[in-house]
Number of protein chains: 2
Amino acid sequence: MPATIKEVAERAGVNPSTVSRVINEDPKLSIREETRNRILQAIEELQYRPNAVARSLRLKTTGTVGMIIPDITNPFFPEIIKGAESAASERELSLILCNTDENPEKERSYIELLTEKQVDGILLASAYIQDETVDLVTKRKIPYVLVNRTARNAVGASVRVDDVLGAQLAIQHLVALGHRRIAHISGLLYTETGLDRLEGYRRTLNQCQIPFLSEYMVEARFSERDGYLAMERLLALPDPPTGVFAANDLIALGAMSAIRDHGWSVPEDISVVGFNDTWLAEKVHPPLTSVKVPLYDMGYLAVESLARKILGETMPQDKIVLKPELMIRRSTDAATARTRVIREA
Amino acid sequence: MPATIKEVAERAGVNPSTVSRVINEDPKLSIREETRNRILQAIEELQYRPNAVARSLRLKTTGTVGMIIPDITNPFFPEIIKGAESAASERELSLILCNTDENPEKERSYIELLTEKQVDGILLASAYIQDETVDLVTKRKIPYVLVNRTARNAVGASVRVDDVLGAQLAIQHLVALGHRRIAHISGLLYTETGLDRLEGYRRTLNQCQIPFLSEYMVEARFSERDGYLAMERLLALPDPPTGVFAANDLIALGAMSAIRDHGWSVPEDISVVGFNDTWLAEKVHPPLTSVKVPLYDMGYLAVESLARKILGETMPQDKIVLKPELMIRRSTDAATARTRVIREA
DNA sequence: TTGAAAGCGATACCAC
DNA sequence: GTGGTATCGCTTTCAA
């Protein structure tokens, strides 16, 4: 049984309140050096550690925030979490990790749990999160920050990347390499990121005076398997694309497998660009050209923003939008004469 | 400001203690249906949620456990965390994530923080963790479970994989393919896993009547870079190995890069086996043969074990040892005549 | 310069 | 069947 402040006080021959003031370095406390030393000594001798639960009850703040993510094994998230954890640790906040497995029911019950635990705030990560969740958090009056998404009903802060710009970088790169038949395997179009990347794709084609063909655009979930299936549909077209912009690295990976399995190669026959530049991108073969998203920063800034919200500071930058960057690797190459011949064969 | 139990009691015209009993379904409570309904209605109307902080203070248990890991971006951990989170969520426990960046100081301060927060238990993951940390946790009398490691001074429970067996599977596979010159890039030898994998390597060579050559054994940290450097040393030997058993996938990855950069190929010239079978293994090129460790189970069982410890149940299985399994992929191949010729050239 | 006491929100023992 | 009340460990206002 660990020592309490009362025991420390007794041993030092003072009142608990005095011990409290010493521990918390109360500025408006003037105390005799000798008394303070007796207290510090008692703390040391009893190996006293304040009970944060009691403290929280009194202070109505827990120094804890919840982080809700759909799936930690998705390579997209660990970097974000690391950034968040890092910022949290700097501010002496604890992070409760909530993995929802993309299950709305689990998500709802986590919100309830976090409410009961009196967390100071919540990070809502990922596009899969339902708008109802945002409503629930709002109703519970818990400060929150959206990570990598926005929501129609969100009045809160958010940190995300400029998806339109990211898509633009990808398409411009492919166009610069001489590609004209450029397909897009989009993410789910009820997600903000999915929509924005599609928007960037269309807009850039337009700027480059390349017509948008609806058969070059296939919707998929953000998974390898769906990327594979989507690519198969593109390969089955009478006039398949020579360049593919995938809405994320997993989709790109699946697409590359499909291309290989159908006897073609990347980038000789088809160039592929991914999104997020997860760790995977540089490990796969061939290394994947991908739009790099500052994931660590996203997590870090989200916690910073949340911390400010918790402290009630007014937000100069309520919605933070980060800039993506294109990482060019070997999965993209010039559209050669050969590429065209093969395609037209 | 959320409603308290007192407000619920007032609205229902009863005493707070009665509300408490209803909420907690106190078995030895007999109550009129009508009174219960009044209470339930008041709860509903006020959107009452019990305050877990107050509850914890009274009950001296928080329903929270800490999980200490060195680096969440290491692909080894997310699966473990997912398993742990899953078991925790089933038991209505919350998981506080503590990423130490392999910094002993941060590790220590996290233990203090978790102590103050009165967590019910701690999961200590990874071999990098210092023995002093275990001492500290022991001193604070917090139940703990070691994940993927043991410690000299650990009296606690642990969940790990049979590293000796894993190494054995790897070496037997290489031997069966005809390899005789088999090197081992070991992990750090002050870690349990590093030592055990080395032990399995030596023992199996012995069983196969292959002499152990000290120049075929290079120590490395569990990183890609160190794998690369270690492999370079092996390649510089007058008689380089034809098979390499790396202590984990990252090391194997580095080794493969080194082999390629020096103009040789995997598996034609040199076969490579990794350990852990992280997601990476099947994504790299060529896909890596690796010893599969049931990471999800490790996390899951660790929490189960911890939960039992918290409940004070006696442990039938204090030290859980899981069985590894060899995943054979394209990074290993038969030692051909050609392999030998090239090596001897 | 320090002490006394109220109170945060819930639970549980003891009454009646 | 239900109410009263002490208590968990800490903070903070008010007194002295």
Side-chain angles (χ1 to χ4, degrees), chain A residues 1-40 42-43 46-64 112-113 115-120 140, chain B residues 1-40 42-43 46-64 92 113 115-120 140:
Chain A
M1 197 67 9
T4 69
I5 200 172
K6 212 174 135 198
E7 294 169 311
V8 172
E10 267 166 23
R11 179 177 266 259
V14 297
N15 190 282
S17 57
T18 310
V19 177
S20 172
R21 283 166 223 173
V22 167
I23 291 171
N24 298 303
E25 296 174 338
D26 181 348
K28 52 181 171 284
L29 163 70
S30 50
I31 191 172
R32 236 174 314 187
E33 259 317 294
E34 192 232 301
T35 323
R36 150 174 280 130
N37 287 140
R38 275 208 325 277
I39 293 175
L40 293 177
I43 288 176
L46 294 175
Q47 291 279 340
Y48 171 72
R49 302 270 120 203
N51 180 325
V53 174
R55 196 160 205 277
S56 295
L57 180 57
R58 185 64 231 242
L59 262 32
K60 294 179 165 319
T61 160
T62 53
T64 303
E112 297 295 359
L113 181 67
T115 310
E116 295 188 5
K117 294 232 160 158
Q118 316 292 119
V119 294
D120 294 337
R140 298 253 172 274
Chain B
M1 195 68 11
T4 71
I5 199 172
K6 213 174 135 196
E7 293 168 311
V8 172
E10 266 165 25
R11 179 178 265 258
V14 298
N15 190 281
S17 54
T18 308
V19 177
S20 172
R21 284 168 226 176
V22 167
I23 290 171
N24 298 302
E25 295 173 339
D26 181 348
K28 51 181 173 282
L29 163 70
S30 50
I31 192 173
R32 236 174 312 189
E33 260 317 295
E34 191 232 300
T35 324
R36 149 173 282 129
N37 288 140
R38 276 209 325 277
I39 292 174
L40 293 177
I43 288 175
L46 294 175
Q47 292 278 339
Y48 171 71
R49 302 271 119 204
N51 180 325
V53 173
R55 200 162 202 275
S56 295
L57 180 59
R58 185 63 232 240
L59 262 33
K60 294 180 168 315
T61 159
T62 51
T64 305
E92 314 237 278
L113 181 66
T115 309
E116 295 187 5
K117 294 232 161 156
Q118 315 292 117
V119 295
D120 295 337
R140 297 253 171 273

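Throughout, a chain's letter reflects where its sequence line sits, starting with A, and its residues are numbered from 1. Bear in mind the structure is a predicted one, so any value in this text is a computation, not a measurement.
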Length of the line joining [X]:[atom1] and [N]:[atom2], which is rounded to integer Å:
X	N	atom1	atom2	answer
B/L59	C/dG9	CG	C1'	12 Å
B/I5	C/dC8	CD1	P	14 Å
B/Q118	D/dC8	CD	P	14 Å
B/I39	D/dG3	CD1	P	8 Å
B/L29	C/dC14	CG	P	17 Å
B/D26	C/dC13	CG	C1'	11 Å
A/R49	D/dC10	CZ	C1'	16 Å
B/R38	D/dG1	CZ	P	15 Å

Practice task
Hey, which sits more toward the 5' end of DNA chain C by its nearest nucleotide, A/I31 or B/K6?
Solution key: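 Going by which nucleotide is closer to the 5' end, it is A/I31.
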
Using only atom types and a distance under 3.5 Å, with no angle test, would you say the side chain of [X] pairs donor to acceptor with the backbone of [Y]?
X	Y	answer
A/T62	A/Q118	yes
A/D120	A/T61	no
A/T18	A/V14	no

Handout entry: Which residue lies more 5' along DNA chain D, comparing B/N15 with A/A54 via nearest heavy atoms
Key =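 Its nearest nucleotide being more 5', the pick is B/N15.
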
Handout entry: Distance-only polar pair, side chains of A/K117 and B/S56, donor-acceptor under 3.5 Å
Key =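 No pair is found: no donor N or O on one side chain lies under 3.5 Å from an acceptor on the other.
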
Side-chain N or O of [X] versus OP1/OP2 of [N]: is the shortest distance under 4.0 Å?
X	N	answer
A/T18	C/dG3	yes
A/R32	C/dT2	yes
B/K60	D/dG9	yes
B/T35	D/dT2	yes
B/R55	C/dT11	yes

Under 4.0 Å between any heavy atoms, over every strand shown, what does [X] touch: base, sugar-phosphate, or nothing? Just pick one.
X	value
B/V14	sugar-phosphate
B/N24	sugar-phosphate
B/T4	sugar-phosphate

Exercise for the section: Establish whether the base of D/dG9 is bridged to the side chain of B/R58 by a donor-acceptor pair shorter than 3.5 Å. Expected result: no

Quick one: which of [options] gets closest to the side chain of [X]?
X	options	value
A/R21	D/dT12, D/dG9, C/dA10	D/dT12
B/S30	D/dC8, D/dC10, D/dG1	D/dG1
B/L57	D/dC8, D/dT2, C/dT2	D/dC8

Exercise for the section: Considering only NZ, NE, NH1 and NH2 on the basic side and carboxylate oxygens on the acidic side, decide whether B/K6 and B/E10 come within less than 4.0 Å. Expected result: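 Salt bridge between B/K6 and B/E10, a charged N being under 4.0 Å from a carboxylate O: no.
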
Handout entry: Charged N-O contact under 4.0 Å between B/R38 and B/E34
Key =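 Counted as a salt bridge, because a side-chain N and a carboxylate O are separated by less than 4.0 Å.
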
